[in-house]
Amino acid sequence: MTAETALAPKHSPRDYKSDIKPVWCPGCGDYSVLGSITKAFSELNLDPENVAVISGIGCSSRIPAYTDCYGFHGVHGRSLPLAAGLKVARPDMTVLVASGDGDGFSIGGNHFMHACRRNVDLTYVVMDNRVYGMTKGQASPTTEPDWDNALTPGGSGISPFRPLVIALAAGANFIARGFSGDQNGTAKLLKEAIEHPGFSFVQILSPCVTFRPDQKTWKDDVHDAAVDPTDEIGRAARRLMTDDGFNTGVLYKGEREAFQPPIGEATATVADLEGKFAL
Amino acid sequence: MTAETALAPKHSPRDYKSDIKPVWCPGCGDYSVLGSITKAFSELNLDPENVAVISGIGCSSRIPAYTDCYGFHGVHGRSLPLAAGLKVARPDMTVLVASGDGDGFSIGGNHFMHACRRNVDLTYVVMDNRVYGMTKGQASPTTEPDWDNALTPGGSGISPFRPLVIALAAGANFIARGFSGDQNGTAKLLKEAIEHPGFSFVQILSPCVTFRPDQKTWKDDVHDAAVDPTDEIGRAARRLMTDDGFNTGVLYKGEREAFQPPIGEATATVADLEGKFAL
Amino acid sequence: MSTLDINNIGEFLAHAHALEAEAASQYADLAEQMEVHNNTEVAELFHKLAEIEGKHIGKIDDKAGDTPIPHIPPWEYKWEGGQSPEAVVDMDAHYMMTPHHALRMSLKAEERAADFFQRIADNTTDEEVRSLSAEMAEEERDHIKWLNEWLKKYPEPENGWDEDMDPPMLQE
Amino acid sequence: MNQPTDNTTSISLVLAGSGGSGVITAGNMLLAAAAKAGWYGLMTRSAGPQIRGGEAAALLRLSSEPVSAQPDRYDLIIALDWLNFERFADEIPLDKDTVIIGDASAAKKTPAFVTEGPARRGDIDFKSMSKAIPGGRPNMIALGTIGALIGLPEDALDAALSDALAKRGEDAIAASRAGAEAGRAIAAEMPATPKLPTPEGEKAGRWLISGNEAAGLGAIRGGVRFVAAYPITPATEILEWMSPALTKVGGVLVQAEDELASINMAIGGSYGGVPALTATSGPGLALMTEAIGLAVASEVPVVIVDVMRGGPSTGIPTKSEQSDLNMALYALPGDAPHIVVAPNSIRDCVFTTQWSVHLAEAMQTPAIVLSDQALGQAKSVIAAPADIAFFAQRETATTPAEGEEYQRYAVTASGVSPMAVPGTPGCAYTADGLEHNPRGTPSGGAKDHHIQLDKRQRKTDDFDYGQHWADQAGEGDTVVLTWGSCTGPVLEALDNLAGTEQSARMVSMRLLMPAPKEQLANALEGAKRVIVVEQTHSGQFMGYLRANIDLPKNVEHHCTPGPLPIRPGDIETLIKEGTPS
Amino acid sequence: MNQPTDNTTSISLVLAGSGGSGVITAGNMLLAAAAKAGWYGLMTRSAGPQIRGGEAAALLRLSSEPVSAQPDRYDLIIALDWLNFERFADEIPLDKDTVIIGDASAAKKTPAFVTEGPARRGDIDFKSMSKAIPGGRPNMIALGTIGALIGLPEDALDAALSDALAKRGEDAIAASRAGAEAGRAIAAEMPATPKLPTPEGEKAGRWLISGNEAAGLGAIRGGVRFVAAYPITPATEILEWMSPALTKVGGVLVQAEDELASINMAIGGSYGGVPALTATSGPGLALMTEAIGLAVASEVPVVIVDVMRGGPSTGIPTKSEQSDLNMALYALPGDAPHIVVAPNSIRDCVFTTQWSVHLAEAMQTPAIVLSDQALGQAKSVIAAPADIAFFAQRETATTPAEGEEYQRYAVTASGVSPMAVPGTPGCAYTADGLEHNPRGTPSGGAKDHHIQLDKRQRKTDDFDYGQHWADQAGEGDTVVLTWGSCTGPVLEALDNLAGTEQSARMVSMRLLMPAPKEQLANALEGAKRVIVVEQTHSGQFMGYLRANIDLPKNVEHHCTPGPLPIRPGDIETLIKEGTPS
Ligand SMILES: Cc1ncc(C[n+]2csc(CCOP(=O)(O)OP(=O)(O)O)c2C)c(N)n1
Ligand SMILES: Cc1ncc(C[n+]2csc(CCOP(=O)(O)OP(=O)(O)O)c2C)c(N)n1
Ligand code: SF4
Ligand code: SF4
Ligand SMILES: [Mg+2]
Ligand SMILES: [Mg+2]
């Protein structure tokens, strides 16, 4: 090895992978997302112990255990507040939140909006397969309204959730869309998202080969979005409101300061506080 | 009396008011909203027993008991699912949902988004006073980030929630903004909202004289919005994303069909169902 | 196809190394997936492929000797379409896949790799890059031959090979 | 190498395999075939953590009598391969009489607990055999072998195969039959298992049903026409069965965004006059408790089915436990009387859920049905349950006479006040979770609070639950007191001990809340020994009993958490040898 | 018309008025003045349902001894007007010695329960009197009158007025003083009340504090530096006090979007190594139970303060009740051992909350603190509580030696496993709500489940809670067993009976869960009578005691729901006359 290799990251992507074997179906897009995440961590030169991966419940939410970082596999739909608590209490940690379209947009929808508003410096990765994988294939908020399934035969009849424009409307500071079929491109999005201050949202189209084998065609549907992500917010709204759900790339970048109240900086003692009660 | 009075509504606005006296502070905008609601009911010629007013918890959420319709004062933040259950089970009822900015956008935010998507034929009225009135003046999602209060001294530091563009992004079929200072104008909005099929959302700026006396200036801030509410959705998104929060009127009208699965139409008996289990 | 110009030996080695490393790591992952899903036959095959790619990495590193290999972020390699040409499309994996499918998967990857090296060789202005690249292309073509041989032992299974009559397991 | 064995009344077997080998499907076919043959049966399943293609096992028990419990031991284990079979070791008690058939030539060798175990062994090379049959599959061969070993009539298996594969066409059916035929042929070379006698008598009037389906059917029988829910293991099948079924009978199911929405939607539908239900499991029930409290305070009937799984937290979602008992009883804020009932068999899932609708509607209060994974996800051949005349009968209000005022929360002797269905003129009222006076107007006064607390308590305390509060069986002065899915093994143990010195009685409580104190006291009268049996770690049922009745000082307690089932033998030992202390 | 009365050690009075008459502010001034004078005191408040400007009453009890309960009767009632005063009738026991002062000339006349009651009356025309003073206000006149009647030194009231009005400037202070002066002057014409003796001795070392502030302070003393919460009555003041206080000591409070978020944020902060808390009331706690279960399973310490209010559902938000007890004990899905503690006085809110942080951190499990509205929203002059050396001390992990592996859920004798703070190299682990093996890898196996269930149970069962599990007082073979805010009235009753034949003991349980079975059994030993006292409708505490210990057959039970406080006299009667049955 030579001098130049010294510039290579301290840790290879593999260093961020644990020895726990995923329960995912072979072919599942989430494997590739795991790859993108570890590649991004590696390129960012993060020490694994200074990274936390937080999730809820779902196939996608199993990711924390597959990384060799700190992790929390919480309850369904609550990964964002769990992560926000961690980040506000420990601003020195890099916190990535992993979720699915059910976990993140159905039961977790409120936290999604409020995390966008609150703008804590988190990176929120939603592996969107337009289905509840873990519970055997029910419609999620992003599912097409006519997708037939056992719980809503003939389709839910409900128009799909548009996560990106919701994120924008709610105040997200960084909005991107990736595709699990493009592991390296997605890794790049994630790196940018992690670097960007405040709340970053990355939707990753990540096919469910088991319940949505039709999603194999996604590789032909996705296309690069050639936009200026720092575009004025009104124009961005129009763009994201009418996008086809398959354009990938960084689609919006805002300049809002991250929410991080100071912590650990005492200006008074507990005795001072008690003094206020003393007669 | 002349022939024309025969065309007058069956019930006067007062007929929709109960004899229970509001606990609201004199001067509170919610009195006027109650007036707008009863005027709209009257003009729509609804029989009080065929109307239900459903709410959560908050000053604004006290409205059901003040109407002489069927009502449900539920728990904090859950008025929309309560109302959706009622409407799906009883499509013959006219269902109006009343909420506050805390009840509707903070704890109830997820149901708000999903009600917009689901598009059950409800009219959702949020009395927005940018504060938690009932719990004595904390910041709500619509509160200005620098509004000083006991819970977040110096202000919450969080950028305000934009209910209208969220509603649009989530799929609401009718979006309007009113002002409690314009009782008749708001009554008109409500009438239109109730008549429009699917989920209608009406934000009513309704000042809290007790905790937000500064909102007395709202009467000077509001202004008519001269827009075409049936505008293309992308343009509507741009408009609502950048609006100043004070333009009133019908701001968007969609054409989606209301969600109403058939109910009460049996094609089989319970015995037929049992037959499937029989050997 | 766009032209591929790599005119610097360090850059070339970085690409070659990454290409093999990516393939090795992917095969290892796939082998693991098959193990987890009790498809031992294909797991073994993927292990074998991983091992072979591992050896290639060694070879390239030997060739590199003291040549400085720059670090290139994964997305800045000059891959067509962003992914290493030798990467298999892991979305095509299936827990009931047979060696036939695995070999086909691999074959496609090797073909892309051969093509990649050949195009560098065809376009580069750097002689050292040219000769190494041509050598690599040749090697990949050897693989292709060998994979084709191997494949003969595993004819394409009939339709329905992936049919699983059992429902998936409900989990959390 | 067949050895003749005695006939028996019950046979237990496991069919295991991995990676899409179709053992669950084959298990279902076997159960269906057994049913056709006139046997009763129970099938449960177990699987690895992989979403798909992991190792799986179908665990069956077939019998000429109704089957109420998982067996103490297995007669036969057929493994299409041994991959990861160790996973099932805990769940499959084997002994020297167990026949184990697997593929000795398979890549992965037979696990130690099998080879080192006492069982008898046979080998079948499923793979090669199936390859020899066009379209042949190992699982079909196994079916044939099993059928031959246990005495399943050929035509029954044939018929079951045809039914199951009808959609796949004649070729598939023919291939399966050929496979089964081959399996049957090789069975002669295997060690013999007991054979079930060919049943006599009537097999009409039987159903093949899972506990979750049964609960769904019970709800519909009871009058439920509105369901709002969010999927969760192991409750989802209730919803997936009910969704199309409701559509047929004029009802509707709405998939909600979360459990907070589902329970509130259900309350809204019921407020509208349509009997309503939601179904969930522990984590979901936890999210519903605030709104269930609202239903108590506002007096809106609603049924909540909790199909319990291993806890705490996400726990073990695919395994059974009774550890949500405390939550069901106690999780509502404030003093919030409500109903908690529990089915005690797959068959009883029909009755108890139907009854719960009746109770909720009659008392205008929420009823929680505590089912569990062991009942919900198991499939069984049962005698068709009679339709009891429990149908939602809510006491509704009519327009009051001129000058009279409708009072939604009027104080009555029973505590139940006529509930106006929206649309009824002259009865407009606001349902409220705030404390209120009889009219429904919010009130924080002591008098109103006490009156309404009393009224709500009275509704459930004074109701006549009849004999349904418990199932009782057996005789003797030892009483086994239990509930829910523990009932099956207790019943079987009692059956086995009937007529012996250890003959005992069982009281299985269907009504958990309000605690049927008097009935229990009566039922325990004269008992020399009382043994409490439950499937929790902390003894939740015992705590509840202690809180409500005076148990004898020497009460014994068998309390063990999931994930393994309690077996009849455990209870027999308990009765024979007492609880070690 | 003054009549001399005996001196006394405690005086109780009510200052009522409506529509912005400022009685609550005046009450606070009076309490501050009393404190300055060297008295102890307790102030609670009551109000109509109007958000603002409704009828309100400040209820004060002043004494030369620490005050632990609301009084049995009131010595003095001053009403600035009689508008809606009936609302308070239930809350203000009066008798023939009560002095009632109101404005006979006022628009709305004195309510019947006053005129028809036995009390002595006086009239003051507050309105006219205050008009005569520039800037004068009726409430200040009332203050002066009260001060004179009860013997409050003038300078103490003067000082309190100056403090309270400092921000409003000299004119306001002068006007108030003039008003008070006028009030003092007219006091001579009123019927006399008892006078409190001018206190001797030390008044330093006393605090004026509310229970909610005390809980907030206890939390900070205990080491809490991260709070996430959502406002709710009657818990909001904890948060409003803590928010700026935390900022000062280097902590932070985040307002969450709902309770689901607050509890999860708190767990996230604590997982990060910062001791964390959330505070709420019943409806909010109901929403938190799923996540509290997660904290149990993933072993993350967190403190949840529930300031209880009247239930069920939205109930009576401004009144006290102990009816969330069951929920705090039992609402988590599965077998989920955790800590439940309860402060038994305003002063004890400091200690118990501090202790809860210690317990949660030491055992790495959630601790629920059950305070209530009666403690939380009451203000009291108390002896400053000593700072106990309970500070968050979490057992943390360090980087393992080469070749060793960190196991987050390692099985230890105490059940507590060293918890790695994120950032520690070599200890990366994933906290999980799924059942897991010692390393944290999800596992549904029987062995892992049993091991982890045992471990979690052991943590709380085997912990040494020392003498803090209960407060005990008094002597005798009658034991009053109680908890929380019922403790005050019990203590006072015992004081009153001390030395008589009815002298009794009290056991007030601070540790509710795990049930301190042995300690309780010891404490009850030799008791001839056991009287259980609680403020619920359904007897939740009694049920819990029964479930956990063998109570004597003749145990007596005093259980009454809110909204009215239990008073010392109730307990005295109970002890003297027994529970009517
Ligand atoms: C409170 C609660 N409700 C429901 C569930 C059941 N559940 C687990 S994962 C899941 C949905 C998963 O879908 P998604 O988030 O899209 O993840 P995927 O499996 O598709 O990756 C559901 C409904 C649960 N675990 N907890
Ligand atoms: C679960 C729950 N959390 C918190 C509360 C306390 N609470 C009652 S109303 C309210 C906010 C009301 O604000 P908003 O909806 O804006 O209504 P407003 O009073 O301003 O009209 C809160 C936090 C509650 N009742 N229930
Ligand atoms: S079910 Fe779908 S989402 Fe889940 S692991 Fe399998 S392919 Fe992936
Ligand atoms: S507090 Fe504010 S919102 Fe509530 S009633 Fe008063 S003015 Fe209206
Ligand atoms: Mg999904
Ligand atoms: Mg508000």
Side-chain angles (χ1 to χ4, degrees), chain A residues 1-9 12-14 17 19 21-29 31-32 34-36 39-40 42-43 56-59 61-62 73 75-76 133-137 150 179-189 191 206-207 209-211 213 215-216 218-219 224, chain C residues 10-11 13-14 17-18 21-22 24-26 28-39 42-43 46 61 64-84 87-97 101-102 105 162 164 167-172:
Chain A
M1 294 274 162
T2 67
E4 274 209 76
T5 43
L7 293 177
S12 79
R14 224 157 236 288
K17 279 197 190 163
D19 56 3
K21 307 213 181 355
V23 296
W24 294 322
C25 312
C28 178
Y31 284 106
S32 176
L34 177 59
S36 299
K39 283 178 174 173
S42 168
E43 288 303 318
I57 300 288
C59 294
S61 290
R62 286 285 194 131
H73 184 218
V75 289
H76 191 38
M134 185 56 100
T135 51
K136 258 183 55 173
F179 172 49
S180 66
D182 176 13
Q183 188 177 92
N184 292 333
T186 301
K188 180 167 183 240
L189 291 180
K191 174 169 180 279
S206 177
V209 294
T210 293
F211 297 107
Q215 292 172 346
K216 289 216 169 141
W218 277 4
K219 63 178 181 308
D224 237 31
Chain C
E11 190 185 1
L13 288 167
H17 178 98
E22 187 87 10
S25 129
Q26 246 190 337
D29 283 347
L30 284 166
E32 199 170 78
Q33 291 176 29
M34 293 304 138
E35 262 161 17
V36 169
H37 288 79
N38 302 315
N39 188 340
V42 180
F46 279 132
D61 289 352
D66 283 340
T67 316
I69 302 182
H71 172 72
I72 300 176
W75 47 85
E76 274 170 23
Y77 289 99
K78 293 177 173 166
W79 316 131
E80 184 86 8
Q83 314 308 310
S84 146
V88 297
V89 179
D90 55 8
M91 217 183 298
D92 292 343
H94 190 282
Y95 61 94
M96 292 174 82
M97 72 197 302
H101 302 105
M105 245 176 142
D162 59 349
D164 183 350
M169 268 305 290
L170 279 159
Q171 297 285 346
E172 285 145 32

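Throughout, protein chains are lettered first and strands after them, A, B, ... in sequence-line order, and every chain is numbered starting at 1. Treat the numbers as computed from the prediction; the structure is a model and nothing was measured.
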Gap between atom [atom2] of [Y] and atom [atom1] of [X] - 0.5 Å precision:
X	Y	atom1	atom2	answer
Q33(C)	C28(A)	CD	SG	9.0 Å
W75(C)	E43(A)	CH2	CD	4.5 Å
M91(C)	S32(A)	CE	OG	7.5 Å

For K188(A), look at atom NZ and say whether over 12 heavy atoms of other residues, nucleotides or ligands are found less than 6.0 Å away.
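Open: at most 12 neighbouring heavy atoms sit under 6.0 Å from NZ of K188(A).
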Heavy-atom distances under 4.5 Å only: say whether S84(C) touches chain A with side chain, backbone, both or neither.
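Contact with chain A involves the backbone of S84(C) alone.
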Which answer fits Q26(C), side chain, backbone, both or neither, if we ask what part of it has an atom under 4.5 Å from a heavy atom of chain A?
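For Q26(C), no heavy atom lies under 4.5 Å from chain A.
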Can you say whether Q183(A) sits under 4.5 Å from chain C via the side chain, the backbone, both, or neither, judging by heavy atoms?
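Both the backbone and the side chain of Q183(A) come within 4.5 Å of chain C.
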Measuring heavy-atom distances to chain C, does K17(A) have an atom under 4.5 Å in its side chain, in its backbone, in both, or in neither?
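Side chain only.
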Out of H94(C), M34(C), E35(C), which one racks up the most heavy-atom pairs below 4.5 Å with chain A?
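Among the listed options, the one with the most contacts to chain A is H94(C).
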At a heavy-atom distance under 4.5 Å, which candidate from A14(C), A93(C), P167(C) has the highest pair count against chain A?
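Highest number of pairs under 4.5 Å: A93(C).
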With a 4.5 Å limit on heavy-atom distance, are the side chains of D29(C) and R14(A) in contact?
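Yes, their side chains come closer than 4.5 Å.
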Going by the rule salt bridge (charged side-chain N to carboxylate O under 4.0 Å, His left out), which residues pair with E11(C) if we only count those two or more places apart in sequence or in a different chain?
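Per chain and number, E11(C) pairs via salt bridge (charged side-chain N to carboxylate O under 4.0 Å, His left out) with K78(C).
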Partners of Y31(A) by ring pair (Phe, Tyr, Trp, His ring centres under 6.0 Å), sequence neighbours excluded?
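Checked Y31(A) against ring pair (Phe, Tyr, Trp, His ring centres under 6.0 Å); matches are W24(A).
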Who among K216(A), K219(A), Q215(A), K191(A) has the most heavy-atom pairs with chain C under 4.5 Å?
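The option with the most such pairs is K191(A).
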